[in-house]
Amino acid sequence: MTLPREFFARPVLDVARDLLGAHLSHGGVTLRVTETEAYAGHRDPGSHAFRGETPRTAPMFGPAGVTYVYFTYGMHWMLCLVAGQPGTAEAVLVRAGEVEQGHDVAAARRPGIRERDWCRGPARLATTLALDGSHTGRDFCRPLLGDVEPIDLTVAHGAPVADAVVRTGPRVGVSGPGGDGTAYPWRFWIDGEPTVSTYRPGVIRRRTR
């Protein structure tokens with residue numbers, strides 16, 4: 001059963017936790033979510049939306065159940081699912097998953113890569129699901145009418161994940177205050193899952209002249 005908008009229109013930490021074990025489908029591939037990260041808009045120094053709305057982050061400020069797909073490091077796409085209430089700019093980064101259906105399609109998109117690593121990290125996940133910037137701002141809870149094209153992405157219930165196997169910690173690659181795992185232990189993953197990405201702390205990049 002597809003998760004309704006009400007599922008996403010909740011506090012982002014609850015959504016990030018409860019997405020573990022859910023089934024995410026796009027582009028002929030279905031995966032089971034094994035790792036997520038929560039981002040809480042203007043109250044979160046690790047969020048793209050911390051300093052306010054921009055053309056890039058506009059989807060985060062809309063209703064829950066919309067995609068926010070962004071480009072990073074000049075080479076990778078990442079998938080976030082907008083949560084919370086309009087204007088709060090809360091979103092869940094889908095960090096990793098295990099492919100459950102569409103193995104042939106996934107293998108063709110990830111040639112020479114071990115199956116465990118197809119979606120082991122958000123950039124790999126977006127590649128395996130064939131997501132890019134054209135998919136940002138799309139409503140995946142119901143088709144939109146008018147000029148906005150709907151997205152062929154679904155998020156559905158999966159087998160419940162027990163609290164005993166859920167782990168939390170600092171978010172991957174987030175520098176500064178937002179990377180403080182004590183203040184922001186907002187990465188969630190299923191313990192023992194080989195598809196979960198490796199933790200790496202954020203590095204503050206200095207501008208070169």
Side-chain angles (χ1 to χ4, degrees), residues 1-27 30-70 77-97 119 122 125-126 129 131 133-163 166-168 171 174 178 183-190:
M1 181 183 296
T2 301
L3 293 171
R5 194 179 310 280
E6 290 75 19
F7 173 91
F8 297 95
R10 299 181 296 146
V12 69
L13 294 176
D14 295 339
V15 177
R17 159 60 181 91
D18 293 344
L19 277 172
L20 294 177
H23 292 154
L24 175 63
S25 303
H26 184 263
T30 297
L31 58 84
R32 181 175 69 101
V33 177
T34 59
E35 181 184 10
T36 63
E37 285 179 348
Y39 290 88
H42 62 82
R43 61 187 178 91
D44 176 4
S47 172
H48 290 172
F50 182 59
R51 291 182 174 83
E53 183 175 351
T54 67
R56 179 197 192 196
T57 63
M60 297 178 71
F61 289 82
V66 172
T67 57
Y68 169 50
V69 183
Y70 66 93
W77 295 104
M78 311 281 213
L79 169 67
C80 292
L81 307 178
V82 177
Q85 299 301 310
T88 61
E90 298 182 353
V92 177
L93 172 66
V94 186
R95 280 206 59 87
C119 299
L125 184 147
L129 294 180
L131 291 165
S134 68
H135 300 111
T136 197
R138 307 279 194 88
D139 187 329
F140 59 86
C141 286
R142 67 174 176 81
L144 289 178
L145 301 176
D147 296 332
V148 181
E149 183 182 357
I151 186 171
D152 181 23
L153 182 148
T154 60
V155 187
H157 287 283
V161 176
D163 289 341
V166 174
R167 300 290 178 265
T168 62
R171 295 173 293 192
V174 178
Y184 300 95
W186 290 359
R187 174 178 169 235
F188 299 80
W189 70 93
I190 303 174

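One-based numbering along the sequence shown.
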SG of Cys141 to CD of Glu6: how many Å apart, nearest 0.5 Å? 8.0 Å

Looking only at heavy atoms, what is the nearest atom pair of Thr168 and Pro185, with distance? CB-O, 3.7 Å

Is any side-chain heavy atom of Glu37 closer than 4.5 Å to one of Pro122? no

Atom CH2 of Trp189 and atom CZ of Arg17: how far apart are they, to the nearest 0.5 Å? 13.0 Å

Side chains of Phe8 and Val92: closer than 4.5 Å at any heavy-atom pair? no

Do you know which two heavy atoms are closest between Arg43 and Trp186, and how far apart they sit? NH1-CH2, 4.1 Å

Roughly how far, to the nearest 0.5 Å, is the NE2 atom of His42 from the CZ atom of Phe50? 10.0 Å

Distance-minimising heavy-atom pair for Gly97 and Leu125: N-CD1, 4.0 Å

Identify the heavy atoms of Ala16 and Ala38 that sit nearest to each other, and give their distance. CB-CB, 3.9 Å

If the condition is salt bridge (charged side-chain N to carboxylate O under 4.0 Å, His left out), which residues does Arg5 pass it with, not counting sequence neighbours? Asp139

Those residues at least two apart in sequence (or on a different chain) that pass side chain to side chain contact (heavy atoms under 4.5 Å, CB included) with His157 are Met1, Leu3

Are Leu153 and Phe140 close enough that some pair of their side-chain heavy atoms sits under 4.5 Å apart? yes

Quick one, Leu19 and Phe7 - any side-chain contact, counting heavy atoms below 4.5 Å? yes

What's the shortest heavy-atom distance between Pro45 and Gly178, and which atoms? CG-N, 3.7 Å

Applying the side-chain contact (heavy atoms from CB on, under 4.5 Å) test to Arg32, which of Leu20, Leu24, Ile190 qualifies? Ile190

Taking the side chain as every heavy atom from C-beta outward, state whether Val174 and Tyr39 have any atom pair closer than 4.5 Å. yes

Output yes when Glu90 and Arg10 qualify as a salt bridge under the 4.0 Å nitrogen-oxygen rule, no when they do not. no

Quick check: do Asp44 and Val12 have side-chain heavy atoms less than 4.5 Å from each other? no

Would you check if the side chain of Thr67 reaches a backbone N or O of Gly137 as a donor-acceptor pair within less than 3.5 Å? yes

With sequence neighbours excluded, what pairs up with Tyr70 under the side chain to side chain contact (heavy atoms under 4.5 Å, CB included) test? His48, Arg56, Tyr68, Thr72, Met78, Cys80, Leu93

What's the shortest heavy-atom distance between Ala83 and Thr88, and which atoms? O-OG1, 4.1 Å

